[in-house]
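Lettering of chains follows the sequences in order, A, B, ..., and the numbering in each one begins at 1. Note that the structure is a prediction, hence the values are computed from the model and not measured.
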Protein chains: 2
Amino acid sequence: MLNQQPTNLDLMFQALADPTRRAMIDRLSRGPASVSELAKPFDMSLPAVVQHLQALEHSGLVSSQKVGRVRTVQIQPDALSLAEQWINDRRTMWVKRLDRLGDFLAETDEPETRT
Amino acid sequence: MLNQQPTNLDLMFQALADPTRRAMIDRLSRGPASVSELAKPFDMSLPAVVQHLQALEHSGLVSSQKVGRVRTVQIQPDALSLAEQWINDRRTMWVKRLDRLGDFLAETDEPETRT
DNA sequence: TTGTTACTTAACTCTATGCTTAACCAACAA
DNA sequence: TTGTTGGTTAAGCATAGAGTTAAGTAACAA
């Protein structure tokens, strides 16, 4: 685990860990927006907003391109589903395990014939 | 956004952002384990491992109880689905928007009767 | 060409995170 | 009762993260 560079999943969950950035994703899930549009709801300097956007872009959750002097940002839905997938896989594994445990207990209980 | 305390979702995504902690969730999705069992795969001190476990427990992703001198840790699947839910909601919203956009473009294109 | 808009870059501050070592404590085993 | 196991607590350190202000640049508008 030493000297490990951050993976996509690291960056993605890291990006989602901040409420400001989640609010931005929220906004962007309703459609693309410019940097200053995205900045408007927040009580912080523009550079701070841009740094959040860079975190989001680095993680692959959004992409952006600049035309003229305005940069337009949009969500990158495939990245979102990667994170979703990871969680779902773990939850599924856990549930399967519980099912097997349930089966086992059912079998073990049979001889007892409860009530 | 000033002076805001971290929410469940903050703590959860934060917890999932670390590869060590994701590996622990991975292990725990196969069943409960003691602290030292969980520590074994990692090349780090026990206190470090325990701090990771605290982060996971704080976020609600796992729970633990101590009997005798061994502490047993297990996954808390409901918490996992909260994170999953958040992602899914955003992705869904995005997809719906794309659908509407598609409909709009289809209508707009109709007069053109392409090819 | 002069001003304004929409960022962008740089430098700095402050706090949080991830790790370490050292010392401690309680449970069980001999 | 003495040693060992399985944590726990405390303190410290180094890096990363979230914010700031100040200054710069490129596009468009008058």
Side-chain angles (χ1 to χ4, degrees), chain A residues 1-25 27-28 32-74, chain B residues 1-25 27-28 32-74:
Chain A
M1 208 100 315
L2 66 161
N3 207 356
Q4 212 182 227
Q5 76 214 31
T7 69
N8 282 7
L9 229 35
D10 290 346
L11 294 173
M12 206 163 304
F13 283 127
Q14 180 78 303
L16 292 174
D18 186 281
T20 302
R21 289 193 293 259
R22 280 204 309 280
M24 288 171 169
I25 291 284
R27 166 64 190 80
L28 290 173
S34 73
V35 170
S36 29
E37 261 183 280
L38 283 167
K40 202 161 285 176
F42 302 108
D43 184 23
M44 70 177 67
S45 66
L46 228 218
V49 168
V50 171
Q51 284 171 48
H52 281 301
L53 286 173
Q54 281 169 353
L56 286 169
E57 191 154 14
H58 247 104
S59 76
L61 285 168
V62 311
S63 65
S64 75
Q65 52 303 317
K66 196 171 181 175
V67 25
R69 58 186 162 162
V70 0
R71 174 173 300 277
T72 304
V73 185
Q74 60 252 253
Chain B
M1 210 102 317
L2 65 161
N3 207 357
Q4 210 183 229
Q5 75 214 34
T7 69
N8 281 6
L9 228 37
D10 290 346
L11 293 173
M12 208 164 305
F13 283 127
Q14 180 79 301
L16 292 174
D18 186 281
T20 301
R21 288 191 294 259
R22 282 204 309 282
M24 287 170 169
I25 291 283
R27 165 64 188 81
L28 290 172
S34 73
V35 171
S36 31
E37 262 183 280
L38 282 167
K40 203 160 286 178
F42 303 107
D43 186 21
M44 69 177 66
S45 67
L46 227 215
V49 167
V50 170
Q51 283 169 46
H52 281 301
L53 286 173
Q54 281 169 353
L56 287 170
E57 191 154 12
H58 247 105
S59 76
L61 284 168
V62 312
S63 65
S64 75
Q65 53 300 322
K66 195 170 182 176
V67 28
R69 57 187 164 165
V70 359
R71 175 173 299 277
T72 303
V73 184
Q74 59 251 252

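- Closest approach to the A:S36 side chain among C:dA6, C:dG18, C:dT8 is made by C:dA6 (side chain taken as heavy atoms from C-beta onward).
- Nearest heavy-atom pair across B:A23 and B:F42 is CB-CZ, 3.7 Å.
- A:Q14 approaches B:A17 most closely through the heavy-atom pair N-CB, 3.5 Å.
- Between the P atom of C:dT17 and the CZ atom of A:F13 lies a distance of 18 Å, rounded to the nearest Å.
- Counting heavy atoms from C-beta on, the side chains of A:V73 and A:E37 never come closer than 4.5 Å.
- Residues from residues 50-57 of chain A that place a heavy atom under 4.0 Å from any atom of DNA chain D, listed by number: A:Q51, A:H52.
- Counting to the nearest Å, the C1' atom of C:dG18 and the CG atom of B:L16 are 17 Å from each other.
- The distance from atom CG of B:D10 to atom P of D:dG17 is 16 Å, rounded to the nearest whole Å.
- Phosphate proximity of D:dT21 to A:S45: absent, as no side-chain N or O sits under 4.0 Å from OP1 or OP2.
- In this structure, B:S59 and B:M12 approach most closely via the heavy-atom pair O-CE, 3.5 Å.
- Comparing B:K66 and A:A48 against DNA chain D, the residue whose closest nucleotide sits nearer the 5' end is B:K66.
- When the C1' atom of D:dA16 is taken as reference, atom CD of B:Q14 falls 11 Å away, rounded to whole Å.
- For A:L11 against A:H58, the heavy-atom pair with the smallest separation is CD1-O, 3.9 Å.
- Straight-line distance from the CZ atom of A:F42 to the C1' atom of D:dT20: 18 Å, rounded to whole Å.
- Atom CZ in B:R21 sits roughly 8 Å away from atom P in C:dC19 (whole-Å rounding).
- Residue B:V70 places its side chain closer to D:dG6 than to any other of C:dC19, D:dG6, C:dG18.
- In this structure, A:L46 places its CG atom 13 Å from C1' of D:dT21, rounding to the nearest Å.
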(request) Any chance you could lay out the side-chain contact (heavy atoms from CB on, under 4.5 Å) test for B:L9 and A:L16, step after step, and finish with the verdict? (result) CA-CA 9 Å; B:L9 228 37; A:L16 292 174; over 6 Å; no

Give the table of side-chain donor-acceptor pairs shorter than 3.5 Å for residues 45-54 of chain B, with sequence neighbours excluded, one pair per line with atom names and distance.
unit_1 : atom_1 : unit_2 : atom_2 : d
B:S45  : OG     : B:A48  : N      : 3.4
B:H52  : ND1    : B:R21  : NH1    : 3.2

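- Here the shortest heavy-atom pairing between A:S64 and A:R71 reads OG-NH1, 2.9 Å.
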Dump the pairs, protein N or O against N or O of nucleotides 22-28 of chain C, anything under 3.5 Å, distances to one decimal.
unit_1 : atom_1 : unit_2 : atom_2 : d
C:dA27 : N3     : B:R69  : NH1    : 3.2

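- The shortest non-hydrogen separation linking B:A33 to B:L28 is N-CD2, 3.9 Å.
- Between the C1' atom of C:dA16 and the CG atom of B:L11 lies a distance of 13 Å, rounded to the nearest Å.
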